[in-house]
Amino acid sequence: MADTVARFIYHCALRWSDLDAYGHVNNARFLTLYEEARVALMFTAARAAGLESFENGIVIARHEIDYLRPIDYGDPVRIELWLEEIKASRLTVAYELFDGEELASRARTVCVPYDLEAGRPRRVRDIEREFLSPWLG
């Protein structure tokens, strides 16, 4: 189904510090790359659309990553992301990370909107659902 939905595209430069002892991007750094793409959508693109509520609190409940091939230091990688589902109190973000044209990794993140002042999860707002709907698969 993901092939038929619009994807948010983010190009992420690799840093020398992303590499491990074998000269590949370290597995833990994949989370950072995925985070940068997610922030680009939920903070930067959302703010440009007049939506700042994600910046007021969103926490991660779960990550899962499939590593398909190593990535060497070089050109920026391309991360494509979309929303697998938007439930009342959580969002599931799906990603594919490409090195050139080769798929190098797939991942999913469960995000929970969070009220930082109250110290508890909150519901997904209608305006947030509306903003994310173009990328919902």
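Predicted model, so just to flag it, every value in this text is computed and none were measured.
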Does a sphere of radius 6.0 Å around [atom1] in [X] hold more than 12 heavy atoms from other residues, nucleotides or ligands, not counting ones at 6.0 Å or beyond?
X: E64; atom1: CD; value: yes
X: N27; atom1: CG; value: yes
X: L68; atom1: CG; value: yes

Trace of the side chain to side chain contact (heavy atoms under 4.5 Å, CB included) decision for V93 with E84 | CA-CA 6 Å; V93 181; E84 281 188 348; over 6 Å; no
Quick check: closest heavy atoms across [X] and [Y], and the distance to 0.1 Å?
X: A37; Y: F8; answer: O-CE2, 3.8 Å
X: G74; Y: L14; answer: N-CD1, 4.0 Å
X: C12; Y: I79; answer: CB-CD1, 4.5 Å

Sub-6.0 Å ring centroid separation between F30 and Y67 | yes
For residues 129-137, dump all side-chain donor-acceptor pairs below 3.5 Å to protein atoms at least two apart in sequence or in another chain.
{"residue": "R129", "atom": "NH1", "partner": "I86", "partner atom": "O", "Å": "3.2"}
{"residue": "S133", "atom": "OG", "partner": "E130", "partner atom": "O", "Å": "2.8"}

Distance check, rounded to the nearest 0.5 Å: [X] atom [atom1] versus [Y] atom [atom2]?
X: N56; Y: E52; atom1: CG; atom2: CD; answer: 7.5 Å
X: T109; Y: L91; atom1: OG1; atom2: CG; answer: 10.5 Å
X: E80; Y: H11; atom1: CD; atom2: NE2; answer: 8.5 Å
X: M42; Y: I58; atom1: CE; atom2: CD1; answer: 4.5 Å
X: T92; Y: R62; atom1: OG1; atom2: CZ; answer: 10.0 Å

Verify side chain to side chain contact (heavy atoms under 4.5 Å, CB included) between R108 and H63, making sure each step is shown before the conclusion.
-> CA-CA 6 Å; R108 296 173 73 226; H63 286 301; over 6 Å; no
Taking [Y] as the starting point, is it possible to reach [X] by hopping between hydrophobic residues whose side chains are less than 4.5 Å apart?
X: L83; Y: I60; answer: no
X: F98; Y: Y95; answer: no
X: W16; Y: I71; answer: yes
X: L103; Y: V77; answer: no
X: L41; Y: V110; answer: no

For [X] and [Y], does a side-chain donor sit closer than 3.5 Å to a side-chain acceptor?
X: S105; Y: Y34; value: yes
X: S17; Y: R29; value: yes
X: Y10; Y: R38; value: no

Cationic N near anionic O, under 4.0 Å, R78 to E96 =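 Judged by the 4.0 Å cut-off on N to carboxylate O distance, R78 and E96 do not form a salt bridge.
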Thinking salt bridges, do R15 and E36 make one under a 4.0 Å N-O criterion?
->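 Salt bridge present between R15 and E36.
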Exam field: side chain Y73 to backbone L19, donor-acceptor pair closer than 3.5 Å =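 Side chain of Y73 to backbone of L19: no pair is present.
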In the hydrophobic clustering that connects Ile, Leu, Val, Met, Phe, Trp and Tyr at side-chain heavy-atom distances below 4.5 Å, which members other than V59 occupy its cluster, ordered by chain and number?
-> V112, Y114, L116
Under 3.5 Å, sequence neighbours excluded: what are the donor-acceptor pairs made by side chains of residues 118-125?
{"residue": "R122", "atom": "NH1", "partner": "E128", "partner atom": "OE1", "Å": "3.1"}
{"residue": "R122", "atom": "NH1", "partner": "E128", "partner atom": "OE2", "Å": "3.4"}
{"residue": "R122", "atom": "NH2", "partner": "E128", "partner atom": "OE2", "Å": "2.6"}

Quick one: are D72 and H24 in side-chain contact, heavy atoms under 4.5 Å?
->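 Result yes, sub-4.5 Å side-chain heavy-atom pair found.
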